[in-house]
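The structure appears below as structure tokens.
Keep in mind the model is a prediction, meaning the values are calculated, not measured.
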Amino acid sequence: MELNGKEELKGAVLHIVVVGFHHKKGCQVEYSYPPLIPEEGHDSNNLPEEWKYLPFLALPDGAHNYQEDTVFFHLPPLTGADMKCVYGVSCYRQIEAKSLKVRLADVTRETVQKSVCVLSRVPLYGLLQAKLQLITHAYFEEKDFSQISILKVSVSSHLSFTVKCFITKVLFYVSPVNRLVGALMTVLSLFPGMIEHGLADSSHYRPKSSVSENITTGDSVSRAEDLVSVSITDIANATVELMGEDHTTSTVKASPETSTPARENTQLKPPSWTSPDSSESDWETLDPSVLEEGTRDSETGGSGGLEHPETGIPVTVQPRGLSAGPGGQGAVSQGLVSGLEEDQYGLPLAIFTKGYLCLPYMALQQHHLLSDVTVRGFVAGATNILFRQQRHLSDAIVDVEEAKLQIGDPELRKVLGLTTADLRFADYLVKHVTENREDVFLDGTGWEGGDEWIRAQFGLYIHSLLSSTLLEDNEKLLADWGAPFISAWRITHNYRVWFINKHPAMAEITPGHPFQGQYSAADLKLRFSHSVQNSERGKKMGAAVITTSRSVVQTGKAVGETESVSLTRESCFSWSESL
């Protein structure tokens, strides 16, 4: 554990932390191993500035309503650290104070609430959760929270269609936190390689004090003018271009020197100035004209064109030198543009980079991030109702409890709308997952309908989608994916980063939607069912049908009871006469 005079945990684990709730100070770090700040002790309450939200993430809002809970969260890297993202897993429990063997002076309430948290350099969510639940249980069973040695030993021995919405700002909402993070991470797992390699840059934000106190009003205004702006108007114009009605080229402002959009809009604004964490911010915005030049060079066979801003290496072809395994498909190599570990298909997509955050759980103290101009977009989870009430800060809200996706902007709903082929795909998944099995003892053990099978279907969906976008004069083919969606996606950062490289393995993927084909009566039924479930008029119609059916049932019961009474009376009368 000793290295150069400093305590360190080997392997994936950076720190193990105990967070408690103090009746006067609120959530605070009570213990950390190794110390979060090397110069201070294990019991220090002080935190690095980048991790000031750690106590509120590890001990979630409303935790007192549950006996135990689990939280997944992300933290930004510390200054000078050789990592991009810190992955946190926290197990929360509460215990009655009267059951403690040793009751410290600061325990003044009837219950004691604490979380045991692990900070890791790699995203081992499930493994960490399984081990940490056992460790937390053992820690609480001691009924003496001063016995922190059990934490050291345990850590050393055990720990060595929402898919389309990810072009915008998405908020997941449900309680408790373990349901929230479980649902959000399940959706992320549908994107090939996303959890393993795609979240490295997903927590690059600054605490509120670092931004608000150091930036003046004038500076904020000047910087806001340099932001990339992608509005619904830009998306609509791009849709017209794709459908062949207008051949003008829509431009997106990537830097002060590039052209300005027709309208100013604050939606989806990544910063174009150079950040202290990266010298490639302007490069990574990737103006569309740069892509066009790179494409022309590759078509003419030229070796010039786009080069990496630091190394000067051409990036029109994805490097294969680092690949290993059968056919070069199994290994990953670092993408020259995205900086992520990519496979030979260019996946995972660079969604959570350059100001697009992934925060499986957000504390109330992080609420300002939703409206921060340096945040280009987000996929975040929350349990506090204040997040859901402020709908204007999110483009889409996923209510996990009610299994509903709420999108307020009609234009955005149109962009994200499911096509007939998409509905066939969804129906195919639902049928295989929910169909009755003949043998209940084998239910869930087969390949079809299982977790990996579902991920494989979404993997095929995404690979086919990417392959379809590479073809020229393919408007009819892209119609199965939705022209508005394709147009909106093509001007996003993650698509430009993917498109700028050539990925040899994509030649093996057949273009076209996996569920393309002629319309049938079954398609009409699917479309009608989808419209009834998702449109306001359809919801009202459905509610009216339910109300009417209840009235009919109640009326039927009343009529049946009346007839039953009449028959009973007649029977009694006949029986008395026979006597």
Side-chain angles (χ1 to χ4, degrees), residues 12 69-74 87-89 91 120 122-134 161-166 170 172-174 176-199 202 325 329-330 332 340-343 345 347-349 351-352 358-361 379-381 398-405 418 421-466 509 513-515:
D69 207 350
T70 303
V71 188
F72 300 159
F73 59 91
H74 296 161
Y87 306 92
V89 178
C91 285
S120 171
V122 290
L124 301 174
Y125 303 103
L127 176 62
L128 290 175
Q129 178 185 1
K131 300 298 183 183
L132 195 56
Q133 285 176 338
L134 298 176
F161 280 99
T162 305
V163 172
K164 284 190 172 182
C165 280
F166 280 24
V170 186
F172 284 69
Y173 177 83
V174 76
V177 183
N178 64 332
R179 287 191 63 193
L180 173 71
V181 297
L184 191 150
M185 299 307 293
T186 297
V187 173
L188 288 182
S189 72
L190 301 179
F191 291 79
M194 185 60 71
I195 291 182
E196 296 88 343
H197 306 292
L199 301 178
S202 65
Q329 304 298 313
V332 295
L340 303 176
E341 295 292 326
E342 300 175 355
D343 63 16
Y345 300 97
L347 299 176
L349 294 172
I351 296 177
F352 300 107
C358 176
L359 304 173
Y361 172 71
V379 174
V398 180
D399 191 321
V400 179
E401 182 69 35
E402 299 183 7
K404 291 183 178 179
L405 175 62
L418 299 181
D422 287 335
L423 292 178
R424 293 172 185 164
F425 174 58
D427 185 60
Y428 174 75
L429 294 177
V430 171
K431 284 182 177 179
H432 278 72
V433 172
T434 61
E435 66 180 3
N436 294 325
R437 306 290 183 181
E438 295 181 359
D439 192 337
V440 294
F441 296 101
L442 297 178
D443 186 21
T445 62
W447 161 250
E448 288 194 5
D451 292 349
E452 292 304 319
W453 179 86
I454 295 173
R455 294 188 182 100
Q457 307 313 307
F458 275 94
L460 174 62
Y461 181 96
I462 293 175
H463 283 95
S464 301
L465 171 60
L466 290 168
I509 305 299
H513 201 293
F515 287 81

Begin with the C-alpha distance, continue with both residues' side-chain angles, and end with the deciding distance and a verdict on side-chain contact (heavy atoms from CB on, under 4.5 Å) for L190 and R455.
CA-CA 5 Å; L190 301 179; R455 294 188 182 100; 4.3 Å; yes
Can L466 and I509 be said to form a side-chain contact (heavy atoms from CB on, under 4.5 Å), step by step?
CA-CA 9 Å; L466 290 168; I509 305 299; over 6 Å; no
I'd like to know whether L128 forms a side-chain contact (heavy atoms from CB on, under 4.5 Å) with F72, so could you lay out the CA-CA distance, the side-chain angles of the two residues, the decisive distance to 0.1 Å, and finally the verdict.
CA-CA 10 Å; L128 290 175; F72 300 159; over 6 Å; no
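Atom CG of D343 and atom CD of E196 lie 10.0 Å apart (nearest 0.5 Å). Once rounded to the nearest 0.5 Å, the distance linking CE of M194 with CD1 of I351 reads 4.0 Å. Between atom OH of residue Y125 and atom CE of residue M185 there is a gap of 4.0 Å, rounded to the nearest 0.5 Å. Atom CZ of F172 is separated from atom CG of D399 by 11.0 Å, given to the nearest 0.5 angstrom. Taken from CZ in F425 to OG in S464, the straight-line distance is 9.5 Å, to the nearest 0.5 Å. How far CZ of R424 is from CG of L429: 14.5 Å, rounded to the nearest 0.5 Å.
Closest approach of C358 to L188, counting heavy atoms only: SG-CD1, 3.6 Å. Nearest heavy-atom pair across C91 and Q133 is SG-CG, 3.5 Å. Nearest heavy atom pair, residue L340 against residue G198, reads CD1-CA, 4.2 Å. Closest approach of P192 and G459 over heavy atoms only: CG-CA, 3.8 Å. The nearest pair of heavy atoms linking I454 to G449 is CD1-O, 4.1 Å. When all heavy atoms are compared, the tightest approach of P360 to L180 is O-CD2, 3.8 Å.
Evaluation of the side-chain contact (heavy atoms from CB on, under 4.5 Å) rule for E341 yields H197, V332, Q334 as partners, not counting sequence neighbours.
Between V398 and V170, the closest side-chain pair of non-hydrogen atoms falls below 4.5 Å. Using a 4.5 Å heavy-atom threshold, the side chains of Y461 and D422 count as touching.
Ring geometry for H513 versus F515: interplanar angle over 60°, hence perpendicular rather than tilted (30 to 60°). Y87 and H74 have perpendicular rings, their planes meeting at more than 60° on a 0 to 90° scale where under 30° would count as parallel.
Formation of a donor-acceptor pair under 3.5 Å by the D69 side chain with backbone atoms of N178 is found in this model.
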